[in-house]
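First the proteins, then the strands, lettered A, B, ... as listed; each starts at 1. Note that the coordinates shown come from a computational prediction; the quantities given were computed from them, not determined experimentally.
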Amino acid sequence: KNEVEQSPQNLTAQEGEFITINCSYSVGISALHWLQQHPGGGIVSLFMLSSGKKKHGRLIATINIQEKHSSLHITASHPRDSAVYICAVQNTGTASKLTFGTGTRLQVTL
Amino acid sequence: NAGVTQTPKFRILKIGQSMTLQCTQDMNHNYMYWYRQDPGMGLKLIYYSVGAGITDKGEVPNGYNVSRSTTEDFPLRLELAAPSQTSVYFCASRYTALGDEQFFGPGTRLTVL
């Protein structure tokens with residue numbers, strides 16, 4: 001079993017829909033990251049959180065440390081949100097290395 | 001700031017050849033990382049560095065070497081390239097280990113034939 005599991009693997013939505021991507025992990029962590037990988041391959045950091053909830057524009061990330069689970073929500077989805085969304089957990093060691101999920105491929109259609 | 005830059009963007013190598021993937025960051029970040037991304041797999045850590053002169057192995061270090069002589073640069077060396085090293089390579093950096101996001105370079109797509 002992978003340390004970081006994401007679901008679903010693929011997701012197709014219509015413009016305007018509310019989207020949820022889930023991430024479960026099995027190890028102790030110091031933080032969890034959500035990343036976005038554009039179709040061209042570039043990776044950008046969306047959120048880093050260790051408790052509660054963070055919001056940036058139409059994106060909301062939540063984490064439940066006790067349940068070892070995080071969700072990424074996109075409200076009022078748009079075709080430009082089409083990308084791969086990657087969950088990564090940060091270990092508690094000195095270098096705070098990341099372990100990555102395999103990503104959720106999101107396609108938002110008109 | 002240019003952020004994290006990587007060169008080259010694309011490269012085709014023959015089996016047994018060697019090459020260096022360059023990574024530079026201009027954000028004065030202490031921590032730097034090299035990852036590889038294979039289709040259908042999560043990014044895997046190859047090597048990392050917590051500061052100039054200090055490097056350590058990640059999950060998949062075999063066939064690679066790194067050095068960190070300056071804060072800015074963290075080159076990745078492939079010796080005796082093999083088809084299994086065909087992948088997309090990302091360099092990343094962050095200022096501190098605990099409280100900061102990672103910034104990623106644009107990636108290098110390497111094919112070994």
Side-chain angles (χ1 to χ4, degrees), chain A residues 1-10 21 23-51 54 56 59 61 63 70 72 83-105, chain B residues 2-6 8-10 23 25 27 29-51 54-61 66 68 74 87-111:
Chain A
K1 188 177 188 299
N2 292 332
E3 289 183 1
V4 182
E5 298 275 359
Q6 287 186 238
S7 63
Q9 287 187 312
N10 295 283
I21 298 170
C23 176
S24 296
Y25 55 92
S26 57
V27 295
I29 67 170
S30 59
L32 183 142
H33 298 246
W34 281 103
L35 308 164
Q36 181 191 54
Q37 186 166 25
H38 299 291
I43 300 173
V44 295
S45 177
L46 298 175
F47 295 103
M48 175 181 161
L49 65 166
S50 54
S51 64
K54 286 191 175 181
H56 185 253
L59 301 178
I63 188 168
S70 176
L72 176 69
V84 176
Y85 292 84
I86 301 170
C87 170
V89 298
Q90 178 172 298
N91 73 14
T92 54
T94 53
S96 294
K97 293 176 278 186
L98 298 186
T99 300
F100 296 81
T102 55
T104 294
R105 185 174 299 275
Chain B
V4 181
T5 57
Q6 290 182 237
K9 287 188 168 50
F10 303 94
C23 175
Q25 52 87 14
M27 298 173 281
H29 285 175
N30 295 311
Y31 293 79
M32 296 188 75
Y33 308 85
W34 273 107
Y35 300 100
R36 58 178 287 170
Q37 186 179 39
D38 299 311
M41 308 284 288
L43 284 88
K44 300 290 185 189
L45 181 64
I46 305 171
Y47 270 95
Y48 66 97
S49 169
V50 301
I54 306 169
T55 63
D56 207 347
K57 295 177 181 178
E59 294 176 78
V60 289
V66 293
R68 184 100 182 266
F74 191 40
S87 190
V88 181
Y89 292 84
F90 289 96
C91 178
S93 72
R94 64 197 305 191
Y95 186 60
T96 66
L98 284 177
D100 298 309
E101 64 182 288
Q102 280 198 14
F103 292 82
F104 287 80
T108 294
R109 185 174 294 274
L110 175 68
T111 302

(request) For residues Y33(B) and L98(A), determine if any side-chain heavy atom of one lies less than 4.5 Å from a side-chain heavy atom of the other. (result)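 No, every pair of side-chain atoms sits at 4.5 Å or beyond.
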
(message) As an exercise: rank M41(B), E59(B), Q37(B) by heavy-atom pairs under 4.5 Å with chain A and give me the winner.
(response) Q37(B)

(request) Let me know if L46(A) has heavy atoms under 4.5 Å from chain B in its side chain, its backbone, both or neither. (result)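 Neither; nothing under 4.5 Å.
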
(request) Let me know if I86(A) has heavy atoms under 4.5 Å from chain B in its side chain, its backbone, both or neither. (result)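 For I86(A), side-chain heavy atoms alone lie under 4.5 Å from chain B.
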
(message) For the NZ atom of K97(A) and the OH atom of Y35(B), what is their distance to the nearest 0.5 Å?
(response) 10.0 Å

(request) Supply the atom-to-atom distance H33(A) NE2 to R94(B) CZ, rounded to the nearest 0.5 angstrom. (result)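 Here the rounded value is 4.5 Å.
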
(message) Heavy atom to heavy atom, less than 4.5 Å: which residues from residues 101-111 of chain B reach chain A?
(response) E101(B), Q102(B), F104(B)

(message) Is L43(B) in contact with chain A via its backbone, its side chain, both, or neither, using a 4.5 Å heavy-atom distance?
(response) both

